[in-house]
S.K.: 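Below you'll find the structure I mean.
Source: prediction; values computed, not measured.
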Amino acid sequence: MMIEEVADQYNAKKIEKRIHEFWEDNYAYSKVRQHRKGEKKFFFVDGPPYTTGHIHLGTAWNKIIKDSILRYKSMNGHDILDRAGWDMHGLPIEVKVEAALGFKSKKDIESYGVENFINKCKEFALKQKDDMTKQFQELGTWLDWEDPYMTLKDEYIEAAWWTIKQAHEKDLLEVGKRVVNWCPRCETAIADSEVEYEERTDPSIYIKFPLKDKANSFIVIWTTTPWTIPSNIAVAVNPEFEYAKVKAEKNRKTEILIMATELVESVLRKGRYTDYEILETLTGEEVAGLEYEHPLADLVPIQAEMKHHVYTADYVTAENTGCVHIAPGHGVEDFEVGIKNGLPIFCPVSSNGSYTRDAGKYSGMNIRDANPIVIEDLDKKNLLLSEDEISHRYGHCWRCKTPIIYLATKQWFIKISDLKDDMLDEITKVKWYPEWAGSARFKDWIEGARDWCISRQRYWGIPIPVWNCDSCDEIKVIGTREELVKVTGIDSDLELHRPYVDEIIIPCSCGGSMRRVEDVFDVWFDSAVASWATLRFPHTRELFDEWWPADFITEGHDQTRGWFYSQLGASMVGFGKAPYKSVLMHGFTLDDAGKKMSKSLGNVVQPQEVIDRFGADALRTYVLSSSAPWEDLKFNWDEVATIHRTLNILWNVYRFPLPYMALDRFDPNKISFESIVPHLRNEDKWILSRMQSLIVDVNTSISNYELHKVIRSINEFILEDLSRWYIQLIRPRTWNEADDPDKLAVYRVLYDVFVTLTKVIAPFMPHLAEEIYSNIVLNVDKEAPFTVHMCDWPKPDENLRDLELEAQMKTIRYIVEAVSNARQKAGRKLRWPVSRIVIEPENEMVAKATARLKSVLMDQTNTKQVFLVKTGESWEELGVEATPNPSTIGPVFKGDAGKVIKAINAISGNDLKSGLASGSMEIELEDGSIVSITPEMVNFEDKLPKDVASADFTGGKVYVDASLNREIESEGFAREVIRRIQDMRKELDLEVDENIIAHIKIDDERVVDLVLDMETFIAKEVRSKVQVIGYDIEATGKLTKDWDVEGVSMHIGISPADE
RNA sequence: GGGCCCGUAGCUUAGCUUGGUGGAGCGCACGGCUGAUAACCGUGAGGUCCUGCGUUCGAAUCGCAGCGGGCCCA
């Protein structure tokens, strides 16, 4: 086998399909992981995406980051554990299944049967998982897709059970009445993180609560939830505020109203009062203690039996009336005021959002329907001060979009408040990328952490393993299946989901029966235990002891309050320490305007769309390079196209030498690197050095997870070093004779550079790397690992690294650019040689670079000679043009100024320059008088010799002498001819080594003569066997064309020589 | 309303830690190259460095305030 020529253009789709098949057919992933067994352990925990059925750009980016890092780690000698994870329980799937079955409420589920429902959910989740796995695999991501961890597996459920048992044993598990976010449709508590805030219009009403035993006196409150008024128990005021007792007049009637002093004006305006008088002011403390009558006491009988007072609360703000309606059953803060003051937690609302019998008149009514009725009732009693609407952000259930309500219900909690200090301590031990993700963002979140409500009143979730005795109220928490079997003797194959576990009854020591608490876990608790669940703990301890805690995790910044947090909380419960050692927090994908991608905005870009247009490697490279991982990524199609172009260039650079190598049967096994060392040119040493520097740069950047810098370094190497420079330099060498050592040196260097480069790009562009590797390595080396991803990461070879040479080459590139610039000014195109270039270096380094890399410079500038001026000096052929400066001459010479100017103009620039070098110079005016002039009176400018153009570069200045002579014209015209014949060969689609017959008729005898000087050169360049050049000839051939060359018309005919 | 992050050319961005004349790429205009060729190269135009105030001899960079965007919270 030999290295093969590649004829095709870069076709990502084709390559990626082939590589995916290759990986699959050869079990590449598992063999690579196997290959690293026993090396340094690297435990990665995949943050489990929810099984929605489709991935989006953000999840694609997430997995691409993970994959790139893991591939890099693997190549650097790490034994990696990386089970993919799936979050498969919870309300979103229940909602989808309910929708598919046409269900409206929990009742429908109960009548369908919980077992049937659970089976549907499971089936659905598994199907979605399979779909998503395929999508992730299209990205070329390598995780353990064969054996992922799934939250619905019994083995996983046990991990959650074990953890909650730990909580119970450590007295961190608590049950109690709490106000929770409640979805009346799903009939369950939902987590703070499941509440979605959306704009919504609600009533905004001011209500007068009548003070007890004080006729016509009221305390005024404001609310947007009239339906909570039947549940009102108290009013809160801020102890720091000043309140006013106001005599307010409306329609000739007066009332006494109490509210915060600073809000009197605005409240009375709302109530359309016409006049008012502040009778006295009170402190908040003084207002507290007032007793009032419930405004709906006659409609809600229970309320008539309860006392209602005003209390103080620090959280009350100076908004609306400064007096806050308190319904302890319907608000978190209300609940706290209630508990603090020993108030009843009155909650006459049931789980589906309708009033219970306790609500009197309203019982059975839906709370939202009750809003207008409550308002009407208040109005009838003349207790409504004003009625309006307000548009505000209100919480909705993230799944079914129903507005949430707050309900005091019985729930299970983990006492995070007891763990807070330890958590804050633990996060300082974790390495955060970027640093502020931990020290600022996460820390801030933990400081505000509240107890974690882990119970949900649903079906599809991990059942909470708590059994409660119906007679003595004792509770038992089961930690494992084994324990459950031991305690009850049930079938050990029993599935640990509802409804199966619901049926298990555990006998209590009191003689009663323990039944399971019906709740399931909040899904955040599922994923929280991932780091040990993925190690099959507590089912087995072995892996856990070897691997835990995780070396690395990475997720988006939304997971600060999500998975970073839930994992830490659960791990503190289970093990008292953080479950991860380092965390990379990445950003979000936004649309090209920086807006969040969402279905409603219609700006969602699917990863599949990108793959279809540009391929997975382009998508990968784009998302990795576009911004720092922790910054948000503004998706931009043009940028993806640019990245694709870079990959295309890489492909072209790769395939460029292959035809020559194939033709020459180049075999890297036979041409050792040592054997070509004596033939290495400076440019060869340079590209080898750049290659080493690239490895160093990539290592440095990746050690800080600066993946964007990694890709930018690689792209720069491909574009600047390889494509724009090295390949240009070596082109002529590749079409030399068969065993020319100069050519073999190029082959070997290119070969080594490419073998190294495939390894360097492998973690990021795994398909392209594999494709190139399979050709240039597998085709020549039977011993080589069968996939590039099994290779060791290249070590930079310091012997090949020459930073001075790299700097010098950079200078040469600056000079070449400047020469191009000067040529353009002189109107001399590159095809025409120039007789010389002159370089004025600013420092020794530039001079040294020019001397050392002279041949590169001559070659790339197409010059016959390079002159190097001594550092710091000017080119001696440069003339000086002197112009008098009237603005400095005028004030000194006044009326004689004109004569002085005339005199200066008469002296040559060179003479003025040398004369003024000493500081002043005496000159003779036309009237014979002698005056003294100073340097600021003359402006000097360089005067370029004829046909010379100049340009500056970083480090000096270059002059290009574009004057013509016979040799140059001859060569210029010859190249024009060659170029056109090559073009025609291309048009005839001739083989590179095919010979031709050429007839060149030139309608200018002088040019015929010039071209004839280069006859053999032309023949060699275009491979013409027979070649006729002349003025009076016929331009015949298979293909004939007329050309205009610099104003000279030419007629060329060519034919293949063999026909 | 609060916390964290971001704001630099039409677009995507480097520079900011450690203050000293803001660099690239894309796009655009002009030119060049031509055995990588549906590729490639050069030149040019294009900047209130979000705004304001402050510190400083000097601010894209440091501080404060504001505006806009993102995530999270209230």
S.K.: OP1 or OP2 of rC26(B) versus the side-chain N and O atoms of Arg645(A): is any pair under 4.0 Å?
M.R.: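 For rC26(B), OP1 or OP2 has a side-chain N or O of Arg645(A) closer than 4.0 Å.
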S.K.: By side chain to side chain contact (heavy atoms under 4.5 Å, CB included), which residues pair with Glu720(A), not counting sequence neighbours?
M.R.: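 Checked Glu720(A) against side chain to side chain contact (heavy atoms under 4.5 Å, CB included); matches are Glu716(A), Arg724(A), Arg813(A).
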S.K.: Between the base of rG25(B) and the side chain of Glu639(A), is there a donor and acceptor pair under 3.5 angstrom?
M.R.: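 Result: at least one qualifying N/O pair found.
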S.K.: Report the residue (Glu720(A) or Arg441(A)) whose heavy-atom-nearest nucleotide on RNA chain B is the more 5′ of the two.
M.R.: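 Looking at the nearest nucleotide for each, Glu720(A) comes out on the 5' side.
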S.K.: Using the C1' atoms only, state how far rG52(B) lies from rA45(B), rounded to an integer number of Å.
M.R.: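 Taking atom C1' in both rA45(B) and rG52(B), they lie 31 Å apart.
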S.K.: Compute the ring centroids of Trp445(A) and Tyr565(A), then answer whether they are less than 6.0 Å apart.
M.R.: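 Yes - the distance between ring centres of Trp445(A) and Tyr565(A) falls below the 6.0 Å cut-off.
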S.K.: With a 3.5 Å limit on both atom pairs, tell me what rG68(B) is paired to, counting Watson-Crick and G-U wobble, or say none.
M.R.: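 Answer to the pairing question: rC6(B), which forms a Watson-Crick or G-U pair with rG68(B).
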S.K.: Please state how far atom CE in Met984(A) lies from atom C1' in rU34(B), giving the value in whole angstrom units.
M.R.: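 Whole-Å distance recorded here is 15 Å.
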S.K.: When rounded to the nearest Å, what value does the distance between C1' atoms of rC67(B) and rA24(B) take?
M.R.: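 Comparing C1' positions in rC67(B) and rA24(B) gives a spacing of 29 Å.
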S.K.: Hey, which sits more toward the 5' end of RNA chain B by its nearest nucleotide, Ile649(A) or Tyr660(A)?
M.R.: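 Comparing both residues, the 5'-ward one is Tyr660(A).
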S.K.: Would you measure the distance from the P atom in rA60(B) across to the matching atom in rG54(B) and give it in whole Å?
M.R.: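 Taking atom P in both rA60(B) and rG54(B), they lie 15 Å apart.
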S.K.: Hey, what's the ring geometry for Tyr726(A) with Trp686(A), parallel, tilted or perpendicular (30° and 60° as the breaks)?
M.R.: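 If you compare the ring of Tyr726(A) with that of Trp686(A), the planes turn out tilted.
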S.K.: What integer number of Å spans the C1' atoms of rC57(B) and rU43(B)?
M.R.: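 The same atom, C1', in both gives a distance of 38 Å.
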S.K.: Using the P atom as the point on both nucleotides, what is the distance between rU18(B) and rG25(B), in whole Å?
M.R.: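 That atom pair is separated by 30 Å.
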S.K.: Would you say rA74(B) has OP1 or OP2 under 4.0 Å from some side-chain N or O of Arg450(A)?
M.R.: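 For rA74(B), OP1 or OP2 has a side-chain N or O of Arg450(A) closer than 4.0 Å.
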S.K.: Quick one: Leu830(A) CG to rG42(B) C1', roughly how many Å, whole number?
M.R.: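 Whole-Å distance recorded here is 10 Å.
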S.K.: Which whole number of Å gives the distance between the C1' atom of rC53(B) and that of rG20(B)?
M.R.: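 It works out to 23 Å between them.
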S.K.: With Arg620(A) as the cation and Trp61(A) as the aromatic partner, state whether NZ or CZ is under 6.0 Å from the six-membered ring centre and within 45° of the axis.
M.R.: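 No cation-pi geometry.
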S.K.: With a cut-off of less than 4.0 Å, is there a side-chain N or O of Arg831(A) near OP1 or OP2 of rU34(B)?
M.R.: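 The answer is yes; a side-chain N or O of Arg831(A) sits under 4.0 Å from OP1 or OP2.
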S.K.: What integer number of Å spans the C1' atoms of rA38(B) and rU34(B)?
M.R.: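 Pairwise C1' distance, rA38(B) against rU34(B), rounds to 14 Å.
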S.K.: Please identify each residue that fulfils side chain to side chain contact (heavy atoms under 4.5 Å, CB included) with Glu262(A), with sequence neighbours left out.
M.R.: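 Checked Glu262(A) against side chain to side chain contact (heavy atoms under 4.5 Å, CB included); matches are Ala318(A).
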